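Working notes for the structure below.
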Amino acid sequence: MRDALLLDAAVGGVLGLLIGSFLNVVIHRLPKMLYRGWLTDAMANLSSSQQVPSLWQLVFGTASAAPPPLVAHADEALQQVDALPPLGLARPASRCGHCGHGIRWYENIPVLSFLVLRARCSACGTPIGWRYPAVELVTGALFALCAWRFGLTLTGAAWAAFCALLVCQFMIDLDTQLLPDSLNYLLLWLGLVASASGLTGVPLASAVWGAVAGYLGLWLIFHLYRLATGKEGMGFGDFKLLAALGAWLGADYLIAIVLVSSLVGAVLGGLLLMAGRLAHKDIPISFGPFLAGAGLVCLAIGPDTVRAWAPFAFPFNALIG
Ligand SMILES: [Zn+2]
């Protein structure tokens with residue numbers, strides 16, 4: 001039995017390393033794809049010359065000023081964006097960001113290649129960031145944990161998908177302060193489907209209420225904070241991410257997740273301020289990484305421990321149960 005568990009964990013870990021390598025691509029490219037899409041949309045909206053005058057009239061009224069010169073150049077800008085080579089998750093193949101050296105398959109083996117190449121591009125010697133093997137190792141460890149706890153089953157696969165999506169949101173938010181809708185919604189739908197198919201062990205009602213309360217809870221905090229301080233303390237992506245976590249873990253986890261993430265956020269934020277890393281206190285600290293991290297922590301330490309640590313969750317649980 002124990003040997004079988006170890007074997008499951010080892011298979012899960014290797015799968016996790018491989019998926020982690022793909023997550024590196026997602027983390028690197030998805031924000032670029034989003035930015036390019038937004039630029040294309042903006043220029044396309046401005047360049048549709050028949051529409052702009054009537055839209056301008058609708059927005060500014062009849063006696064409006066003429067559209068700014070930007071509109072006249074939008075066609076040109078759109079052509080420039082359109083002329084770029086296509087960018088997707090599968091294409092183009094990975095290249096060194098410095099010299100353009102195409103990365104061969106044996107240079108792309110999770111963690112191992114990083115060690116063999118001594119953290120440098122084989123062509124130009126530019127250092128490769130430690131974050132790439134770190135993402136692979138963390139994903140590998142999380143997949144091994146899922147396989148250890150749930151076996152090589154559909155349940156294990158569901159929780160592994162949960163981990164993979166949270167790793168992406170953690171890193172993307174850290175890099176860009178974005179939490180892409182495409183990943184948040186995927187996480188949310190999968191959580192509801194996993195609950196409805198009995199994979200997560202969370203009753204469907206608890207998953208639905210977890211999603212609703214996760215979104216509304218942060219939405220409420222956001223507006224109260226803005227009323228009190230005039231500042232925006234978090235982004236709408238945070239609401240969606242907590243909604244998704246609520247769908248996966250159930251409504252009774254929400255308070256624990258928010259507590260864990262706020263605690264980690266406050267401690268890390270304080271440390272960064274003290275270390276002088278945050279020169280401007282008004283720069284919003286991403287909340288997403290702490291939410292994603294708290295979701296992973298809750299999965300890792302298990303439902304019973306969380307319930308024991310967060311007795312406040314019980315009254316809430318009674319309300320919905
Ligand atoms: Zn290079």
Side-chain angles (χ1 to χ4, degrees), residues 12 139 141-143 145-151 153-170 173 179 181-222 234 236-265 287-321:
T139 311
L142 288 167
F143 275 44
L145 174 77
C146 292
W148 170 271
R149 184 168 292 163
F150 307 108
T153 59
L154 215 52
T155 302
W159 284 112
F162 170 83
C163 292
L165 286 164
L166 285 183
V167 168
C168 286
Q169 293 297 52
F170 183 98
D173 195 349
L179 287 168
D181 272 349
S182 49
L183 300 183
N184 266 348
Y185 288 141
L186 186 60
L187 195 63
L188 176 65
W189 304 136
L190 282 179
L192 291 175
V193 168
S195 163
S197 0
L199 292 178
T200 51
V202 174
L204 187 57
S206 178
V208 170
W209 284 117
V212 171
Y215 190 92
L216 285 184
L218 285 193
W219 181 88
L220 197 66
I221 293 172
F222 172 85
M234 60 185 112
F236 278 58
D238 296 321
F239 315 164
K240 296 169 198 164
L241 181 55
L242 189 59
L245 290 177
W248 275 91
L249 298 165
D252 53 332
Y253 261 78
L254 283 176
I255 293 172
I257 293 168
V258 171
L259 283 180
V260 172
S261 56
S262 308
L263 208 68
V264 177
F287 192 37
F290 305 122
L291 282 177
L296 292 173
V297 167
C298 287
L299 172 65
I301 59 183
D304 298 332
T305 318
V306 173
R307 285 198 183 93
W309 285 2
F312 345 70
F314 279 115
F316 188 69
N317 205 18
L319 272 180
I320 57 136

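Note that the coordinates shown come from a computational prediction; the quantities given were computed from them, not determined experimentally.
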Working to the nearest 0.5 Å, report the span between [atom1] of [X] and [atom2] of [Y].
X      : Y      : atom1 : atom2 : result
Leu145 : Phe150 : CG    : CZ    : 7.5 Å
Phe236 : Asp181 : CZ    : CG    : 11.5 Å
Cys163 : Trp248 : SG    : CH2   : 8.5 Å
Gln169 : Leu296 : CD    : CG    : 11.5 Å
Asp173 : Leu183 : CG    : CG    : 11.5 Å

Discussion item. Can you pull out every salt bridge (Lys or Arg N to Asp or Glu O under 4.0 Å) where at least one residue sits in residues 187-211? Sequence neighbours excluded, please.
Written reply: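 Pairs touching residues 187-211 that pass the test: none.
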Practice prompt. Hey, could you give me each pair passing side-chain hydrogen bond (donor to acceptor under 3.5 Å, both in side chains) that has a residue in residues 185-203? Not counting sequence neighbours.
Written response: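 Of all non-adjacent pairs touching residues 185-203, none passes side-chain hydrogen bond (donor to acceptor under 3.5 Å, both in side chains).
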I need the minimum non-hydrogen distance between [X] and [Y], along with the two atoms involved.
X      : Y      : value
Leu242 : Gly214 : CD2-O, 3.6 Å
Leu291 : Leu245 : O-CD1, 3.4 Å
Ala247 : Leu192 : CB-CD2, 3.9 Å
Gly156 : Cys146 : O-CB, 3.9 Å
Leu179 : Gly288 : CD1-CA, 4.0 Å
Gly237 : Asn184 : O-ND2, 3.1 Å

Worksheet item: Do Tyr253 and Val202 touch side chain to side chain, with heavy atoms closer than 4.5 Å?
Response: no
Worksheet item: Under the side chain to side chain contact (heavy atoms under 4.5 Å, CB included) criterion, do Leu166 and Leu241 qualify, and how do the steps go?
Response: CA-CA 9 Å; Leu166 285 183; Leu241 181 55; 3.9 Å; yes
Worksheet item: Would you say Leu154 has more than 12 foreign heavy atoms packed within less than 6.0 Å of its CG?
Response: no
Worksheet item: Centroid-to-centroid, Trp159 to Phe162, below 6.0 Å?
Response: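 Here the rings of Phe162 and Trp159 have centres that are less than 6.0 Å from each other.
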